[in-house]
Chemist: 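Before anything else, here's the structure in question.
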Amino acid sequence: MKNKWQRSNFSSLATRHSKTAPTQEIPNRPREMKKTALLISCGAYSDPRLQPLPSSVPDCARFADLLERPNLGGFDVHVVNNATLITAQRKIHDILSAAAVDDLILVYLSSHGLKDMFGRFYLALPETDLSALPATALSGRFIREQINDTSARRLVIVLDSCFSGAFGRELVAKSVSLSDGTPEELTNGTGHAVLAASSPIQYALEDASHKTPTSVFTRAICDGIATGAADIDSDGWISLNDLFEYTAKEVSARYPLQTPQMSCFGLDRDIKLFRAPTTGAPNSDFDADIEEASRSIHSELRIAAATVLGKITHSSNRDRASSALRKLRKLRDDYHPEVREEIEKQIASAPKKPRRRLPIQSLADKKIHSSDWAEVAAEDFIKATQFAASFVSRDEQYEILQFVHLLATGNEVKILATDRYRIDIWRVPLLAQGDPFYVSLAAPDAFSLKAFSGKEKVRMEIGDTYAEFDCKGKLLTMRPKRYREIPDYEKLVSREFMASIDIARTPLLDALESSLAATRTRNKPVILDLSGHERDAFNVYFEGETRQMESVPLGFTGSRVKLAFNPHFAVAAFSSFSTSAVRISVMDPNKPVLITSDDEPQHRHILMPVRLDTLKNS
C-alpha cells in the first residue's frame, strides 16, 4: 500500500492548494473566531490483550492545561478520558458540527492505534475487543466523515498512537498492530493537518524508565510549548510548522526508533497555534544546523541558512533578531552570487530598529575639556552599561532610580543601577584616568553606548552640562545628572552569610522558566527550597502550590534555607551573568541575597527576596 504520510512543506502548499481551497472572506459573520480543542485519551482496557498506557491520561491533562491558558493557547478545551465509544463519538460530532468556517479546531487522540485485517485504522477505548474492532473501537472512518462534514477550514489532529514497529530499551510500544499499512482514513479530505507520533512502520513509544511513564511524542510537544523552544523562528508564535519541526527533532534525537510525521490536506498556509512564552535569557546563539548550513560547501544550504536568519530578524526577541541581522552582515561577502543576492535581500527586508538614541559626532563637535575623565576597555564597559540599564526603575516618583550611575574612583569605574528590588553592580578597571568623578546617565542614553561595541577603548569626559564618550574620533554627547551623593547599595549586604549556594546557571534558569511557563499562579513568588531535604537540591515551586515543579542540584555550605523571589526578577538576575555557575550568598531568607560568579568577579547582583510568613522560621 502506498505511503501517504509525508511531511508537507508549507511553501509548496500555497501553490498546490491555491485552486482547491481559495481563501474567502465571510461577510457579516455572526460571531468571532473560536479556538476549540478536544482531547480524547485512554489508558485502561478491558481486553487483556491491550496493555495499559499509564501515561495517556496524565499527558492529556498536561496538554489540556497548556491549550487552555489564555497567554499560551487560549483554547476552549474539552477532555474525554477513558470514555465509552458512544461518548467519544458524540463529543467529536458535537465539537465539529458546531464549528464555524473561521474557527480553529484541534483534536488530540492518545491511545493504542489498531488495524484490522483489511488495514482499517481504529483507536482503542476501554470497551474495545480486538476480536470486534468495528463494533467496539473508534474508527478512522468515523473521524474522517466528521472532518469532511465540519465547516471549519482549519483543523489540526494530533495523533499519539502507532501502527507497527519495534520495541526499544525501557520503552513500551503504544500499539497492537493486526496488519501493516497506514491509516488511509485520515489522508483524505480538505483543510486539515495530522501530526502523527511515528511513521507507518514504527511504534509510538512510551518512556517507562521513570516512576511516572510519559509519552515521548506528547512530552516533546508540551515541553516545546511550555518553554517556548518550539518557537523555531522566534516570532513570538508557535505555529503548526514550528511545533512539528521542534517535536520531530526532539523525538528523533532522543529516540531514533521513532520519527514523527506531518501531513497536510487543503491547507494553504501555516497556522498559529500558541503564543510563545517569553523568557528572560537573551538568546543570541543559533541552532547547530543553521551554523553548519551557513558554512556548507553547497550554495543551496547557505541560501537556506540566509532565509532562516532573515525570518529570525523579524522576531519580537530583540536580542535574537539583532544577532540574526549581525550574522547576515558577516555572511554578505559570500563568493556565490546567488547566495550574496539572498543575503542582501534578507538584510534589506529586516526591520530597521534604532541602535542608539544619540547620534555619533566627530571630535570637531567636542564641547568640553575637563579634568574629570577616564579610559576603560570598550567591551567591558559596554556590557556593564547595557545590563545595568535594564535594571533601572520605571517609577517616575524616584528620579535617581531612573539612571545608571558611574563612579570613577581609585583604579576602577563602578557602574550600578537599581529599581529598589534588585541592584546590578559592575566594576570596570581603568586604563587611564584624570580626577575622580560621579555621574549619572539616563538609561536610554546608556543604551546608546552600544555604538562602541567591538572597539578597543572608550574615553569618558565629564563636564558640568555634558558628558562625552570618545572612541577613535567618534563621539557621543549626552546630558548627565550630577547627584551630590549616590547611595552605597553594597552596604545592604553583610560579609557574613548563613548559607552559600553554588549552582549551575543554565539548569537553574531552565527550571525557573519551565516552572513559570507551567504554573497558573503568575503573580505569586517562586520558592527555591533547600530546607528539609536529604539531597542537595533546590526544589522549585510557587507559593500556595504543594506540588514540586522542578529540582536543581547544587552544592552548599551553611544552613539549609528557603528563598522566595519574584519569578521574573529571578530570571532576569541569573540571565545577567554569562558564566556556567553562580553563587547565591544568603544572610537571611528575608534579607537581600548576593549573586556572584567566580568566573565574572567584576559583576555583583543584589536581589531582594519576597517576604513570606512561611519563611520566618526557615
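Just so it is clear, the structure is predicted and the values come from calculations on it, not from any experiment. Residues take their numbers from the sequence shown, with the count starting at 1.
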Chemist: Passes side-chain contact (heavy atoms from CB on, under 4.5 Å), Leu476 versus Phe452? Steps please.
Modeler: CA-CA 10 Å; Leu476 282 178; Phe452 295 142; 3.9 Å; yes
Chemist: Give me the atom names and distance for the closest heavy-atom approach of Met587 to Pro592.
Modeler: CE-O, 3.3 Å
Chemist: Nearest 0.5 Å, what's the CG-CG distance between Leu416 and Asp424?
Modeler: 9.0 Å
Chemist: Quick check against the 3.5 Å criterion: does Arg479 have a side-chain atom that pairs as donor or acceptor with the backbone of Thr465?
Modeler: no
Chemist: Taking atom OH of Tyr489 as the centre, report whether more than 12 heavy atoms of other residues, nucleotides or ligands fall under 6.0 Å from it.
Modeler: yes
Chemist: Between OG of Ser349 and NZ of Lys311, what distance do you get to the nearest 0.5 Å?
Modeler: 11.5 Å
Chemist: State plainly whether the residues Asp502 and Arg583 are in salt-bridge range, i.e. N to O under 4.0 Å.
Modeler: yes
Chemist: Verify the neighbour count for atom NZ of Lys345: are there more than 12 heavy atoms of other residues, nucleotides or ligands below 6.0 Å?
Modeler: no
Chemist: Mind checking whether Ile584 and Val586 have side chains closer than 4.5 Å, heavy atoms only?
Modeler: yes
Chemist: Once you round to the nearest 0.5 Å, how far does CD1 of Ile238 lie from CG of Leu72?
Modeler: 7.5 Å
Chemist: Looking at Glu341, I'd like to know if its CD atom is crowded, meaning that more than 12 non-hydrogen atoms belonging to other residues, nucleotides or ligands lie closer than 6.0 Å.
Modeler: no
Chemist: To the nearest 0.5 Å, tell me how far Thr418 OG1 sits from Ile486 CD1.
Modeler: 12.5 Å
Chemist: Is a side-chain N or O of Arg459 found less than 3.5 angstrom from the main chain of Glu375, in a donor-acceptor match?
Modeler: no
Chemist: Would you mind checking if Lys455 and Asp470 are paired as a salt bridge, meaning a charged N to carboxylate O distance below 4.0 Å?
Modeler: no
Chemist: Tell me the closest heavy-atom pair linking Gln433 and Gly410, and the distance in Å.
Modeler: OE1-O, 2.6 Å
Chemist: Can you name the closest pair of heavy atoms from Arg482 and Tyr438 and give their distance?
Modeler: CD-O, 3.2 Å
Chemist: If you look at every heavy atom in Asp242 and Ala230, which pair is closest and at what distance?
Modeler: CB-O, 3.1 Å
Chemist: Any donor-acceptor pair under 3.5 Å linking the side chain of Glu344 with the backbone of Val339?
Modeler: no
Chemist: Evaluate whether atom CG of Asp464 has more than 12 neighbouring non-hydrogen atoms of other residues, nucleotides or ligands under 6.0 angstrom away.
Modeler: no
Chemist: Looking at residues at least two apart in the chain, or sitting in another chain, which of them share a ring pair (Phe, Tyr, Trp, His ring centres under 6.0 Å) with Phe577?
Modeler: His603
Chemist: Is there a donor-acceptor pair closer than 3.5 Å between any side-chain N or O of Thr247 and the backbone N or O of Phe244?
Modeler: no
Chemist: Which pairs of donor and acceptor atoms, one on a side chain in residues 303-310, lie under 3.5 Å apart (sequence neighbours left out)?
Modeler:
{"unit_1": "Thr307", "atom_1": "OG1", "unit_2": "Ile303", "atom_2": "O", "d": "3.0"}
{"unit_1": "Thr307", "atom_1": "OG1", "unit_2": "Glu342", "atom_2": "OE2", "d": "3.2"}

Chemist: Short question: side chain of Asp270, backbone of Asn241 - any donor-acceptor pair under 3.5 Å?
Modeler: yes
Chemist: Any non-hydrogen side-chain atom of Leu67 less than 4.5 Å from a side-chain atom of Lys35?
Modeler: no
Chemist: Does a side-chain heavy-atom distance below 4.5 Å link Thr409 with Lys414?
Modeler: no
Chemist: Any chance you could measure Glu245, atom CD, to Ser239, atom OG, to the nearest 0.5 Å?
Modeler: 8.0 Å
Chemist: Assess whether side-chain contact (heavy atoms from CB on, under 4.5 Å) is satisfied between Leu554 and Leu530, documenting all intermediate values.
Modeler: CA-CA 10 Å; Leu554 52 82; Leu530 183 60; 3.9 Å; yes
Chemist: Quick check against the 3.5 Å criterion: does Asp419 have a side-chain atom that pairs as donor or acceptor with the backbone of Arg422?
Modeler: yes
Chemist: Can you find a pair of side-chain heavy atoms, one from Glu461 and one from Ser370, that are under 4.5 Å apart?
Modeler: yes
Chemist: Begin with the C-alpha distance, continue with both residues' side-chain angles, and end with the deciding distance and a verdict on side-chain contact (heavy atoms from CB on, under 4.5 Å) for Phe274 and Arg69.
Modeler: CA-CA 10 Å; Phe274 299 87; Arg69 293 188 187 182; over 6 Å; no
Chemist: How far apart are the closest heavy atoms of Val610 and Asn590, and which atoms are they?
Modeler: O-OD1, 4.2 Å
Chemist: If the threshold is 4.0 Å, N to carboxylate O, is there a salt bridge linking Glu291 and Lys327?
Modeler: yes
Chemist: Does some side-chain heavy atom of Ile400 sit less than 4.5 Å from a side-chain heavy atom of His405?
Modeler: yes
Chemist: With distance as the sole test, does Asp65 use its side chain to make a donor-acceptor pair with the main-chain N or O of Arg62 at under 3.5 Å?
Modeler: no
Chemist: Salt-bridged, Asp599 to Arg505, with N to O below 4.0 Å?
Modeler: no
Chemist: How many angstroms lie between atom CG of Leu407 and atom CG of Asp488, to the nearest 0.5 angstrom?
Modeler: 9.0 Å
Chemist: Taking C-beta and beyond as the side chain, do Trp237 and Arg275 meet within less than 4.5 Å on heavy atoms?
Modeler: yes
Chemist: How about Ser578 and Glu600: does a side-chain donor come under 3.5 Å of a side-chain acceptor?
Modeler: yes
Chemist: Take Leu401 and Arg420 through the side-chain contact (heavy atoms from CB on, under 4.5 Å) test and state the conclusion after the steps.
Modeler: CA-CA 8 Å; Leu401 302 183; Arg420 295 187 297 167; 3.3 Å; yes
Chemist: Any side-chain to backbone donor/acceptor pair from Thr596 onto Arg604? Under 3.5 Å, distance only.
Modeler: no
Chemist: Show the nearest heavy-atom pair for residues Leu328 and Ile343, with the distance to one decimal.
Modeler: O-CG2, 3.4 Å
Chemist: Taking the side chain as every heavy atom from C-beta outward, state whether Leu528 and Val540 have any atom pair closer than 4.5 Å.
Modeler: yes
Chemist: Using distance alone, with no hydrogens and no angle criterion, decide if Ser299 and Glu338 have a side-chain donor and acceptor under 3.5 Å apart.
Modeler: no
Chemist: Does this structure show an ion pair linking Lys367 with Glu468, if we count only N-O contacts that are shorter than 4.0 Å?
Modeler: no
Chemist: Side-chain contact test, heavy atoms from C-beta onward, threshold under 4.5 Å: evaluate it for Phe381 versus Phe469 and give yes or no.
Modeler: yes
Chemist: Keeping Ser500 on the side-chain end and Thr557 on the backbone end, is there a donor-acceptor pair under 3.5 Å?
Modeler: no
